[in-house]
Amino acid sequence: MRFFFSVSRRVNYCNFGFIPCDTLRGNFFNKLFGHYNLMKRLQAKDVIQALDIQSKDKVLDFGCGAGFFTVEMAKLAGKAIGIDINPYINTIIIPKSLEERLEFIQASGDALPFENDSFDRILASEILPMLPNPNAFMQEIKRVLKPGGKLVISNGAGHPAIEEAYEKPGWVFKLLQKKFPERVPSSYAEYCSILQKSFGTGQERFLGETDIEDLLTKNGFSKIRFDFTPGKIAGSYFSWSQFLLYLRKGKTLSQRNFVFNYFLFTFIRLFEKKRYKGGLLCISEKATTS
(Lines give C-alpha, C1' and ligand atoms only; values in the text may rest on other atoms or scores of the structure.)
Protein backbone atom coordinates (compact mmCIF):
# COMPACT_ATOMS: atom_id res chain seq x y z
CA MET A 1 0.00 0.00 0.00
CA ARG A 2 2.83 2.42 0.83
CA PHE A 3 4.43 1.63 -2.53
CA PHE A 4 1.13 2.38 -4.31
CA PHE A 5 0.93 5.84 -2.72
CA SER A 6 4.51 6.75 -3.59
CA VAL A 7 5.16 9.55 -6.09
CA SER A 8 6.80 8.55 -9.33
CA ARG A 9 9.87 10.37 -10.65
CA ARG A 10 8.32 10.85 -14.08
CA VAL A 11 5.54 13.18 -15.20
CA ASN A 12 2.31 11.21 -15.52
CA TYR A 13 -0.55 13.15 -17.06
CA CYS A 14 -3.17 10.61 -15.91
CA ASN A 15 -2.54 11.42 -12.24
CA PHE A 16 -0.85 14.78 -12.77
CA GLY A 17 -0.18 16.67 -9.57
CA PHE A 18 -0.52 13.75 -7.15
CA ILE A 19 0.78 14.83 -3.74
CA PRO A 20 0.27 12.56 -0.70
CA CYS A 21 -2.30 13.84 1.79
CA ASP A 22 -3.32 12.76 5.29
CA THR A 23 -6.40 10.69 4.38
CA LEU A 24 -6.58 7.24 2.82
CA ARG A 25 -9.53 8.15 0.58
CA GLY A 26 -7.83 11.33 -0.65
CA ASN A 27 -4.59 9.48 -1.36
CA PHE A 28 -6.40 6.73 -3.24
CA PHE A 29 -8.37 8.94 -5.63
CA ASN A 30 -5.56 11.45 -6.12
CA LYS A 31 -3.13 8.64 -6.92
CA LEU A 32 -5.51 7.35 -9.58
CA PHE A 33 -6.71 10.63 -11.07
CA GLY A 34 -4.42 13.44 -9.88
CA HIS A 35 -5.43 16.97 -8.89
CA TYR A 36 -9.05 17.91 -9.58
CA ASN A 37 -8.87 21.04 -11.75
CA LEU A 38 -10.34 20.33 -15.16
CA MET A 39 -9.09 23.34 -17.09
CA LYS A 40 -5.56 23.27 -15.68
CA ARG A 41 -5.29 19.52 -16.15
CA LEU A 42 -6.33 19.80 -19.79
CA GLN A 43 -3.69 22.51 -20.23
CA ALA A 44 -0.97 20.67 -18.29
CA LYS A 45 0.83 18.99 -21.18
CA ASP A 46 0.99 22.22 -23.19
CA VAL A 47 2.35 24.14 -20.19
CA ILE A 48 5.02 21.54 -19.39
CA GLN A 49 6.11 21.43 -23.03
CA ALA A 50 6.27 25.24 -23.17
CA LEU A 51 8.52 25.32 -20.08
CA ASP A 52 10.93 22.84 -21.71
CA ILE A 53 12.57 22.09 -18.35
CA GLN A 54 16.08 20.62 -18.44
CA SER A 55 17.53 18.29 -15.81
CA LYS A 56 19.83 20.91 -14.26
CA ASP A 57 17.35 23.80 -14.33
CA LYS A 58 16.21 25.69 -11.27
CA VAL A 59 12.55 26.53 -11.76
CA LEU A 60 9.97 28.70 -9.99
CA ASP A 61 6.21 28.11 -9.87
CA PHE A 62 4.88 31.57 -9.01
CA GLY A 63 1.46 31.44 -7.36
CA CYS A 64 1.63 27.67 -7.06
CA GLY A 65 -1.61 27.25 -5.08
CA ALA A 66 -1.96 23.57 -4.13
CA GLY A 67 1.46 22.85 -5.64
CA PHE A 68 0.32 20.25 -8.16
CA PHE A 69 2.25 21.85 -11.02
CA THR A 70 5.31 22.37 -8.83
CA VAL A 71 5.62 18.69 -7.94
CA GLU A 72 5.59 17.74 -11.64
CA MET A 73 8.14 20.44 -12.46
CA ALA A 74 10.40 19.01 -9.74
CA LYS A 75 10.44 15.64 -11.52
CA LEU A 76 12.07 17.28 -14.54
CA ALA A 77 14.30 19.92 -12.90
CA GLY A 78 17.31 20.04 -10.65
CA LYS A 79 15.30 22.15 -8.20
CA ALA A 80 11.69 23.39 -8.19
CA ILE A 81 10.33 26.02 -5.82
CA GLY A 82 6.66 26.88 -5.45
CA ILE A 83 5.66 30.19 -3.87
CA ASP A 84 2.25 31.48 -2.89
CA ILE A 85 0.89 34.08 -0.49
CA ASN A 86 -1.70 31.63 0.88
CA PRO A 87 -0.65 30.03 4.23
CA TYR A 88 -1.98 26.72 2.87
CA ILE A 89 1.37 26.31 1.18
CA ASN A 90 2.94 25.48 4.55
CA THR A 91 0.79 22.34 4.84
CA ILE A 92 1.73 20.77 1.50
CA ILE A 93 3.38 17.38 1.99
CA ILE A 94 6.63 17.04 0.06
CA PRO A 95 7.01 13.52 -1.39
CA LYS A 96 10.08 11.69 -0.06
CA SER A 97 11.30 10.94 -3.57
CA LEU A 98 11.48 14.68 -4.29
CA GLU A 99 12.70 16.04 -0.93
CA GLU A 100 16.00 17.33 -2.33
CA ARG A 101 14.42 18.85 -5.43
CA LEU A 102 11.17 20.40 -4.20
CA GLU A 103 10.47 23.31 -1.85
CA PHE A 104 7.47 25.47 -1.00
CA ILE A 105 7.80 29.02 0.37
CA GLN A 106 5.08 31.38 1.53
CA ALA A 107 5.86 34.76 -0.04
CA SER A 108 4.30 37.65 -1.91
CA GLY A 109 5.36 38.85 -5.33
CA ASP A 110 6.42 42.30 -4.16
CA ALA A 111 9.86 41.22 -2.97
CA LEU A 112 10.84 37.65 -3.80
CA PRO A 113 13.26 36.01 -1.32
CA PHE A 114 15.75 35.06 -4.05
CA GLU A 115 19.00 36.45 -5.40
CA ASN A 116 19.30 38.03 -8.82
CA ASP A 117 19.44 35.62 -11.78
CA SER A 118 18.36 32.62 -9.71
CA PHE A 119 16.04 30.74 -12.07
CA ASP A 120 16.19 29.17 -15.53
CA ARG A 121 12.40 28.83 -15.89
CA ILE A 122 9.44 30.59 -14.27
CA LEU A 123 5.78 29.65 -14.54
CA ALA A 124 3.17 32.30 -13.71
CA SER A 125 -0.31 30.79 -13.91
CA GLU A 126 -3.37 33.06 -13.54
CA ILE A 127 -1.27 35.65 -11.71
CA LEU A 128 -1.57 38.84 -13.76
CA PRO A 129 -5.30 39.47 -13.11
CA MET A 130 -4.65 39.27 -9.35
CA LEU A 131 -2.05 42.04 -9.29
CA PRO A 132 -2.74 45.73 -8.66
CA ASN A 133 0.62 46.60 -10.22
CA PRO A 134 1.70 44.04 -12.85
CA ASN A 135 4.73 46.16 -13.82
CA ALA A 136 6.23 45.77 -10.35
CA PHE A 137 5.61 42.04 -10.59
CA MET A 138 7.32 41.82 -13.97
CA GLN A 139 10.35 43.71 -12.71
CA GLU A 140 10.71 41.28 -9.81
CA ILE A 141 10.33 38.30 -12.15
CA LYS A 142 12.95 39.84 -14.42
CA ARG A 143 15.33 40.29 -11.48
CA VAL A 144 15.26 36.64 -10.38
CA LEU A 145 15.23 35.14 -13.89
CA LYS A 146 18.56 34.46 -15.58
CA PRO A 147 19.38 36.30 -18.83
CA GLY A 148 17.92 34.18 -21.59
CA GLY A 149 15.74 32.39 -19.03
CA LYS A 150 12.19 31.45 -20.01
CA LEU A 151 8.97 32.89 -18.57
CA VAL A 152 5.73 31.04 -19.29
CA ILE A 153 2.46 32.82 -18.53
CA SER A 154 -0.76 30.82 -18.47
CA ASN A 155 -3.73 33.16 -18.37
CA GLY A 156 -7.45 33.02 -19.03
CA ALA A 157 -8.27 35.33 -21.94
CA GLY A 158 -12.04 35.22 -21.64
CA HIS A 159 -14.78 33.00 -23.03
CA PRO A 160 -15.05 33.28 -26.82
CA ALA A 161 -17.99 30.83 -26.96
CA ILE A 162 -20.04 33.05 -24.66
CA GLU A 163 -18.91 36.23 -26.41
CA GLU A 164 -20.07 34.78 -29.72
CA ALA A 165 -23.43 33.89 -28.16
CA TYR A 166 -23.94 37.52 -27.14
CA GLU A 167 -22.93 38.79 -30.58
CA LYS A 168 -25.07 36.28 -32.50
CA PRO A 169 -27.75 34.97 -30.13
CA GLY A 170 -29.01 31.55 -31.18
CA TRP A 171 -32.12 29.77 -29.97
CA VAL A 172 -30.31 28.28 -26.96
CA PHE A 173 -29.12 31.65 -25.73
CA LYS A 174 -32.55 33.21 -26.28
CA LEU A 175 -34.12 30.36 -24.32
CA LEU A 176 -31.74 31.02 -21.44
CA GLN A 177 -32.65 34.71 -21.50
CA LYS A 178 -36.33 33.80 -21.14
CA LYS A 179 -35.72 31.21 -18.43
CA PHE A 180 -33.32 33.38 -16.39
CA PRO A 181 -34.40 36.96 -17.23
CA GLU A 182 -32.94 38.43 -14.04
CA ARG A 183 -29.73 36.39 -14.09
CA VAL A 184 -28.44 36.65 -17.66
CA PRO A 185 -25.98 39.59 -17.80
CA SER A 186 -26.95 42.34 -20.22
CA SER A 187 -23.66 42.06 -22.10
CA TYR A 188 -20.56 39.90 -22.42
CA ALA A 189 -18.53 42.68 -20.77
CA GLU A 190 -20.83 42.56 -17.74
CA TYR A 191 -20.45 38.79 -17.53
CA CYS A 192 -16.64 39.11 -17.61
CA SER A 193 -16.82 41.66 -14.80
CA ILE A 194 -18.95 39.27 -12.72
CA LEU A 195 -16.46 36.45 -13.25
CA GLN A 196 -13.45 38.60 -12.35
CA LYS A 197 -15.09 39.76 -9.13
CA SER A 198 -16.00 36.19 -8.20
CA PHE A 199 -12.34 35.23 -8.69
CA GLY A 200 -11.26 38.07 -6.42
CA THR A 201 -9.33 39.96 -9.08
CA GLY A 202 -11.23 43.24 -9.07
CA GLN A 203 -10.58 43.46 -12.83
CA GLU A 204 -13.32 44.41 -15.25
CA ARG A 205 -12.09 42.34 -18.19
CA PHE A 206 -9.70 39.58 -19.21
CA LEU A 207 -6.21 40.38 -20.44
CA GLY A 208 -5.52 39.57 -24.08
CA GLU A 209 -2.46 39.07 -26.27
CA THR A 210 -1.85 42.79 -26.80
CA ASP A 211 -2.06 43.55 -23.06
CA ILE A 212 0.44 40.85 -22.14
CA GLU A 213 2.80 41.55 -25.03
CA ASP A 214 2.95 45.25 -24.12
CA LEU A 215 3.63 44.38 -20.49
CA LEU A 216 6.44 41.98 -21.38
CA THR A 217 8.07 44.28 -23.92
CA LYS A 218 7.99 47.21 -21.53
CA ASN A 219 9.73 45.17 -18.86
CA GLY A 220 12.62 43.74 -20.86
CA PHE A 221 11.33 40.44 -22.25
CA SER A 222 11.85 39.29 -25.82
CA LYS A 223 11.13 36.41 -28.21
CA ILE A 224 7.47 36.64 -27.22
CA ARG A 225 5.13 34.08 -28.74
CA PHE A 226 1.58 32.96 -28.01
CA ASP A 227 -0.26 29.68 -28.07
CA PHE A 228 -3.70 28.59 -26.90
CA THR A 229 -4.82 25.71 -24.73
CA PRO A 230 -6.81 23.44 -24.35
CA GLY A 231 -8.63 22.21 -27.46
CA LYS A 232 -11.62 24.17 -28.74
CA ILE A 233 -14.24 21.54 -27.82
CA ALA A 234 -13.05 21.28 -24.21
CA GLY A 235 -12.71 25.05 -23.87
CA SER A 236 -16.21 25.64 -25.23
CA TYR A 237 -17.62 23.03 -22.86
CA PHE A 238 -15.86 24.68 -19.92
CA SER A 239 -17.16 28.14 -20.86
CA TRP A 240 -20.75 27.00 -21.32
CA SER A 241 -20.82 24.84 -18.20
CA GLN A 242 -19.51 27.77 -16.18
CA PHE A 243 -22.09 30.12 -17.71
CA LEU A 244 -24.94 27.69 -17.00
CA LEU A 245 -23.73 27.13 -13.44
CA TYR A 246 -23.83 30.88 -12.87
CA LEU A 247 -27.35 31.15 -14.28
CA ARG A 248 -28.67 28.26 -12.21
CA LYS A 249 -26.87 28.73 -8.90
CA GLY A 250 -24.94 32.00 -9.02
CA LYS A 251 -21.66 30.08 -8.77
CA THR A 252 -18.78 30.16 -11.24
CA LEU A 253 -16.60 27.17 -10.36
CA SER A 254 -17.31 23.45 -10.20
CA GLN A 255 -15.35 20.23 -10.65
CA ARG A 256 -18.34 17.92 -10.97
CA ASN A 257 -17.79 14.86 -13.18
CA PHE A 258 -14.09 15.69 -13.33
CA VAL A 259 -12.84 12.16 -14.04
CA PHE A 260 -15.27 11.52 -16.91
CA ASN A 261 -14.75 14.96 -18.47
CA TYR A 262 -10.98 14.85 -18.17
CA PHE A 263 -10.57 11.52 -19.92
CA LEU A 264 -13.25 12.34 -22.51
CA PHE A 265 -11.63 15.62 -23.57
CA THR A 266 -8.13 14.14 -23.41
CA PHE A 267 -9.30 11.51 -25.91
CA ILE A 268 -10.99 14.11 -28.14
CA ARG A 269 -7.80 16.18 -28.14
CA LEU A 270 -6.00 13.34 -29.94
CA PHE A 271 -8.05 14.11 -33.05
CA GLU A 272 -8.67 17.83 -32.60
CA LYS A 273 -6.59 20.51 -34.31
CA LYS A 274 -8.32 23.72 -33.21
CA ARG A 275 -7.28 25.44 -29.96
CA TYR A 276 -9.51 27.46 -27.64
CA LYS A 277 -8.74 31.17 -27.72
CA GLY A 278 -9.91 31.56 -24.13
CA GLY A 279 -6.81 29.85 -22.75
CA LEU A 280 -3.75 31.98 -23.41
CA LEU A 281 -0.24 30.57 -23.15
CA CYS A 282 2.59 33.08 -23.55
CA ILE A 283 6.25 32.10 -23.80
CA SER A 284 9.00 34.71 -23.58
CA GLU A 285 12.62 35.15 -22.54
CA LYS A 286 14.47 37.66 -20.42
CA ALA A 287 16.54 39.76 -22.77
CA THR A 288 20.26 39.06 -22.52
CA THR A 289 21.11 42.76 -22.76
CA SER A 290 19.56 45.74 -20.97
Side-chain angles (χ1 to χ4, degrees), residues 39-40 42-54 56-65 69-70 72-73 76-77 80-83 109-110 112 114 116-160 163 192 196 199 201 203-232 234-235 269 273-290:
M39 180 57 80
K40 287 302 171 188
L42 292 172
Q43 295 175 327
K45 194 168 188 177
D46 293 322
V47 173
I48 291 295
Q49 289 178 345
L51 284 165
D52 190 27
I53 298 171
Q54 305 301 306
K56 294 184 179 180
D57 284 348
K58 186 176 181 181
V59 301
L60 176 66
D61 185 5
F62 192 104
C64 67
F69 255 100
T70 326
E72 300 297 341
M73 292 162 68
L76 300 169
I81 299 176
I83 66 167
D110 298 331
L112 297 175
F114 309 113
N116 295 349
D117 305 334
S118 292
F119 295 96
D120 300 281
R121 304 282 191 272
I122 296 179
L123 171 63
S125 180
E126 305 300 337
I127 294 298
L128 294 180
M130 307 298 293
L131 302 171
N133 186 356
N135 284 298
F137 162 76
M138 292 304 305
Q139 283 298 309
E140 192 65 358
I141 288 294
K142 178 183 175 184
R143 181 184 69 79
V144 302
L145 186 63
K146 294 179 181 178
K150 184 176 291 187
L151 169 64
V152 174
I153 295 174
S154 176
N155 216 71
H159 295 273
E163 183 176 19
C192 289
Q196 293 286 32
F199 300 152
T201 68
Q203 302 285 336
E204 291 295 323
R205 63 183 183 87
F206 289 90
L207 299 178
E209 292 177 68
T210 301
D211 301 306
I212 295 176
E213 185 171 15
D214 289 347
L215 183 64
L216 289 167
T217 302
K218 184 189 301 183
N219 288 283
F221 287 84
S222 61
K223 299 183 180 179
I224 301 167
R225 63 184 179 88
F226 291 92
D227 200 352
F228 300 93
T229 181
K232 185 174 181 178
R269 181 66 180 273
K273 294 182 179 180
K274 293 184 178 180
R275 301 290 185 95
Y276 193 57
K277 298 290 186 178
L280 195 62
L281 194 61
C282 177
I283 304 97
S284 64
E285 294 182 8
K286 175 181 172 179
T288 54
T289 58
S290 303

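What you see is a predicted model; the values in this text were computed from it and never measured.
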Requested in this report: Starting from the C-alpha separation in whole Å, work towards a yes-or-no answer on side-chain contact (heavy atoms from CB on, under 4.5 Å) for I127 and F137.
Outcome: CA-CA 9 Å; I127 294 298; F137 162 76; 3.9 Å; yes
State which residues pass salt bridge (charged side-chain N to carboxylate O under 4.0 Å, His left out) with [X]; sequence neighbours excluded, sorted by chain then number.
X    : answer
D120 : K146
R269 : D46
K277 : none

So how far is it from [X] [atom1] to [Y] [atom2], rounded to the nearest 0.5 Å?
X    : Y    : atom1 : atom2 : result
N155 : S125 : CG    : OG    : 8.0 Å
K58  : L145 : NZ    : CG    : 12.0 Å
Q43  : I48  : CD    : CD1   : 12.0 Å
Y276 : M39  : OH    : CE    : 7.5 Å
I81  : T70  : CD1   : OG1   : 10.5 Å

Checking [X] now: which residues fulfil side chain to side chain contact (heavy atoms under 4.5 Å, CB included) with it, not counting sequence neighbours?
X    : result
N135 : N133, L215, K218, N219
E285 : K223
L216 : M138, L151, I153, I212, F221, I224, C282, S284
A157 : L280

Requested in this report: Answer yes when R205 and D211 have at least one side-chain N-carboxylate O distance shorter than 4.0 Å, and no when they do not.
Outcome: yes
Provide the closest heavy-atom pair for [X] versus [Y] in the form atom of the first, atom of the second, distance.
X    : Y    : value
S222 : A287 : OG-CA, 4.0 Å
P230 : G235 : CG-N, 4.2 Å
K150 : A50  : CD-O, 3.2 Å

Query - Side-chain touch V47/F69, heavy atoms, less than 4.5 angstrom - result: yes
Report task. Evaluate side-chain contact (heavy atoms from CB on, under 4.5 Å) for D57 paired with F119, printing each intermediate quantity in order. Result -> CA-CA 7 Å; D57 284 348; F119 295 96; over 6 Å; no
Query raised in the report: Would L123 and F62 count as a side-chain contact (heavy atoms from CB on, under 4.5 Å) if you check the C-alpha gap in whole Å, the side-chain angles of each, and the deciding distance to 0.1 Å?
Result: CA-CA 6 Å; L123 171 63; F62 192 104; over 6 Å; no
Counting distance only, does the side-chain N/O of [X] pair as donor-acceptor with the main-chain N or O of [Y] below 3.5 Å?
X    : Y    : answer
D61  : G82  : no
K274 : K232 : no
R121 : L51  : yes
T217 : E213 : yes

**Report entry** Set of residues satisfying side chain to side chain donor-acceptor pair (under 3.5 Å) with respect to D52, sequence neighbours excluded
**Finding:**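 Per chain and number, D52 pairs via side chain to side chain donor-acceptor pair (under 3.5 Å) with Q54.
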Query raised in the report: Which residues satisfy the side chain to side chain donor-acceptor pair (under 3.5 Å) test with E209, sequence neighbours excluded?
Result: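 Per chain and number, E209 pairs via side chain to side chain donor-acceptor pair (under 3.5 Å) with no residue.
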Report task. Under the side-chain contact (heavy atoms from CB on, under 4.5 Å) rule, what do K286 and D117 come out as? Steps first, then yes or no, please. Result -> CA-CA 10 Å; K286 175 181 172 179; D117 305 334; 3.0 Å; yes
**Report entry** Contacts of F206 that satisfy ring pair (Phe, Tyr, Trp, His ring centres under 6.0 Å) - sequence neighbours left out
**Finding:** H159
Query raised in the report: Taking only residues at least two apart or on different chains, which pairs with a member in residues 123-135 satisfy salt bridge (charged side-chain N to carboxylate O under 4.0 Å, His left out)?
Result: K40-E126
Query - salt bridge (charged side-chain N to carboxylate O under 4.0 Å, His left out) partners of residues 130-141, not counting sequence neighbours, each pair once - result: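 As it turns out, the salt bridge (charged side-chain N to carboxylate O under 4.0 Å, His left out) pairs with a partner in residues 130-141, which skip direct neighbours, are E140-R143.
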